[in-house]
Amino acid sequence: MSTKRTEKPKKKARSADADSQRIVEAARAHFFSHGFRSVTMDDLAEELAISKKTLYAHFPSKIALLEAVLADKFAGVEAKLEEIKRAYPHDFPAALHELLASTQRELDEIKPPFVRDMRQKAPQVFKIVERRRAELIQHFFGKLFAEGQRTGMVRRDLPAELMIEILLAAVQAIVNPAKVEELGLTPKTGFASVLKVVLEGVITRKGRKT
């Protein structure tokens with residue numbers, strides 16, 4: 001009897017989680033491609049064949065839904081980068097190549113309308129992006145640079161921590177909604193340009209040859 005009483009709440013929780021994920025996935029497809037200003041909560045409810053009341057029960061505002069979309073995005077990025085780290089624990093060239101390729105693929109999803117809307121309608125939410133992005137760069141590029149120094153493929157005359165701080169500062173200065181729009185870049189091209197400049201400064205000749 002007691003087992004049956006505990007199973008029902010678990011099933012409801014799983015169902016609610018599945019519904020929330022379905023909403024997030026639909027919103028993500030619209031937000032990243034077309035911007036979140038152009039799609040309304042009514043549009044999403046109609047597309048998902050749910051009531052507006054149900055939609056708001058999961059996400060009380062469009063900003064809350066936007067934050068959930070970003071959390072979902074970063075969770076996916078982190079999982080992929082963890083996979084790369086496990087696959088190439090001591091292979092600096094392969095890890096660097098896969099890390100850069102994966103980052104570029106993830107950024108390719110984010111189109112200019114989303115960047116515009118972040119700047120105009122939700123600049124406060126971008127602070128979440130900056131914080132999570134910094135955490136991922138410190139964790140994954142930090143370990144990569146340390147491994148590169150160990151194998152002689154990254155300069156040893158500069159602390160790995162300092163190189164990461166330089167990378168973080170450059171990314172923060174360039175890959176933000178206002179500067180990306182001003183320079184006519186996408187997040188993908190902006191991030192790639194910053195990485196190219198920084199990596200060319202920290203990788204040794206040995207690292208470039210591999």
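Along the sequence shown, the residues carry numbers beginning at 1.
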### Task
Identify the two heavy atoms, one from Leu66 and one from Ala122, that lie closest to each other, and give their separation to 0.1 Å.
CD2-CB, 4.0 Å
### Query
Just by distance, do the side chain of Thr54 and the backbone of Ile50 share a donor-acceptor pair under 3.5 Å?
no
### Query
Between Ile63 and Gln124, is any pair of side-chain heavy atoms under 4.5 Å apart?
yes
### Summary
Note: Phe191 and Val175 closest approach over all heavy atoms is N-CG2, 3.7 Å
### Query
Within the side chain of Thr189, is there an N or O that forms a donor-acceptor pair under 3.5 Å with the backbone of Leu185?
no
## Note on the structure
The reported gap from CG in Leu99 to CZ in Phe92 (rounded to nearest 0.5 angstrom) is 9.5 Å
### Task
Determine, stepwise, if the pair His34 / Lys111 fulfils side chain to side chain contact (heavy atoms under 4.5 Å, CB included).
CA-CA 7 Å; His34 311 296; Lys111 305 302 182 186; over 6 Å; no
### Message
Distance check, rounded to the nearest 0.5 Å: Glu67 atom CD versus Asp72 atom CG?
### Response
13.5 Å
### Message
Between Lys80 (side chain only) and Ala75 (backbone N and O only), is there a donor and an acceptor less than 3.5 Å apart?
### Response
no
### Glu109/Lys188 ion pair, N-O < 4.0 Å
no
#### Entry: Within 6.0 Å of NZ in Lys143, more than 12 heavy atoms from elsewhere
no
### Query
If we only count heavy atoms from C-beta on, is the His58 to Val24 side-chain gap below 4.5 Å?
no
### Task
Go through the steps for Glu78 and Arg132 under the test side chain to side chain contact (heavy atoms under 4.5 Å, CB included), then give the verdict.
CA-CA 10 Å; Glu78 185 170 10; Arg132 291 290 287 120; 3.2 Å; yes
### Message
Check whether Gln149 reaches the backbone of Leu158 with its side chain - one donor and one acceptor, N or O, closer than 3.5 Å.
### Response
yes
### Query
Applying the 4.5 Å side-chain criterion to the ILVMFWY set and letting contacts propagate, would Leu144 and Val197 be lumped into a single cluster?
no
## Note on the structure
Contacts of Glu181 meeting salt bridge (charged side-chain N to carboxylate O under 4.0 Å, His left out) (sequence neighbours excluded), chain-then-number -> Arg119
### Query
Any side-chain heavy atom of Val77 within less than 4.5 Å of one from Leu81?
yes
### Message
Just so I know, are the side chains of Val171 and Ile137 near enough to count as touching, which here means a heavy-atom distance under 4.5 Å?
### Response
yes
### Query
Would you say the side chains of Ser20 and Asp17 form a donor-acceptor pair under 3.5 Å?
no
### Query
Do the side chains of Arg116 and Pro177 get nearer than 4.5 Å, heavy atoms only?
no
### Task
Indicate yes or no: at least one non-hydrogen side-chain atom of Leu65 is less than 4.5 angstrom from one of Phe36.
no
#### Entry: Heavy atoms from other residues, nucleotides or ligands near NE2 of His97 exceed 12 (cutoff 6.0 Å)
no
Show me the donor-acceptor pairs, under 3.5 Å and distance only, between side chains in residues 160-167 and residues at least two apart or in other chains.
none

### Ring centers of Phe32, Phe114 separated by less than 6.0 Å
yes
### Task
Indicate yes or no: at least one non-hydrogen side-chain atom of Val69 is less than 4.5 angstrom from one of Glu25.
no
### Message
If I take atom CZ from residue Arg105 and atom OG from residue Ser102, how far apart are they, to the nearest 0.5 angstrom?
### Response
5.0 Å
### Check ion pair Glu82-Lys85 (N to O, under 4.0 angstrom)
yes
### Query
Are the charged groups of Glu130 and Lys127 less than 4.0 angstrom apart, N to O?
no
### Message
Between Leu100 and Leu199, is the side chain to side chain contact (heavy atoms under 4.5 Å, CB included) condition met? List the steps.
### Response
CA-CA 11 Å; Leu100 295 178; Leu199 291 177; 3.9 Å; yes
### Task
Look at Glu46 together with Lys52 and state whether they make a salt bridge at an N to O cut-off of under 4.0 Å.
no
### Task
Would you indicate whether the side-chain heavy atoms of Thr186 and Val115 approach each other to under 4.5 Å?
no
### Task
With rounding to the nearest 0.5 Å, note down the distance linking CG in Leu44 to NZ in Lys62.
8.0 Å
### Query
Any side-chain donor paired with an acceptor under 3.5 Å for Arg133 and Gln172?
no
### Message
Apply side chain to side chain contact (heavy atoms under 4.5 Å, CB included) to residues Leu195 and Val198 and explain how you reach the verdict.
### Response
CA-CA 5 Å; Leu195 283 175; Val198 173; 5.8 Å; no
### Task
Quick one: list whatever passes ring-ring contact (aromatic ring centres under 6.0 Å, His included) with Tyr88, sequence neighbours left out.
none
### Query
Are any side-chain N or O atoms of Arg37 and backbone N or O atoms of Pro113, one a donor and one an acceptor, separated by less than 3.5 Å?
no
### Query
Do any N or O atoms from the side chain of Ser38 and from the backbone of Gly35 form a donor-acceptor pair under 3.5 angstrom?
yes
### Query
Say you draw a straight line from CG of Leu48 to CG of Asp19; how long is it, rounded to the nearest 0.5 Å?
9.5 Å
### Message
Rounded to the nearest 0.5 Å, what separates atom CZ in Phe31 from atom CG in Leu70?
### Response
9.5 Å
### Query
For Gln104, does the CD atom have more than 12 heavy-atom neighbours from other residues, nucleotides or ligands under 6.0 Å away?
yes
### Nearest atoms (heavy-atom pairs only) where Ala170 meets Val194
CB-CG1, 3.6 Å
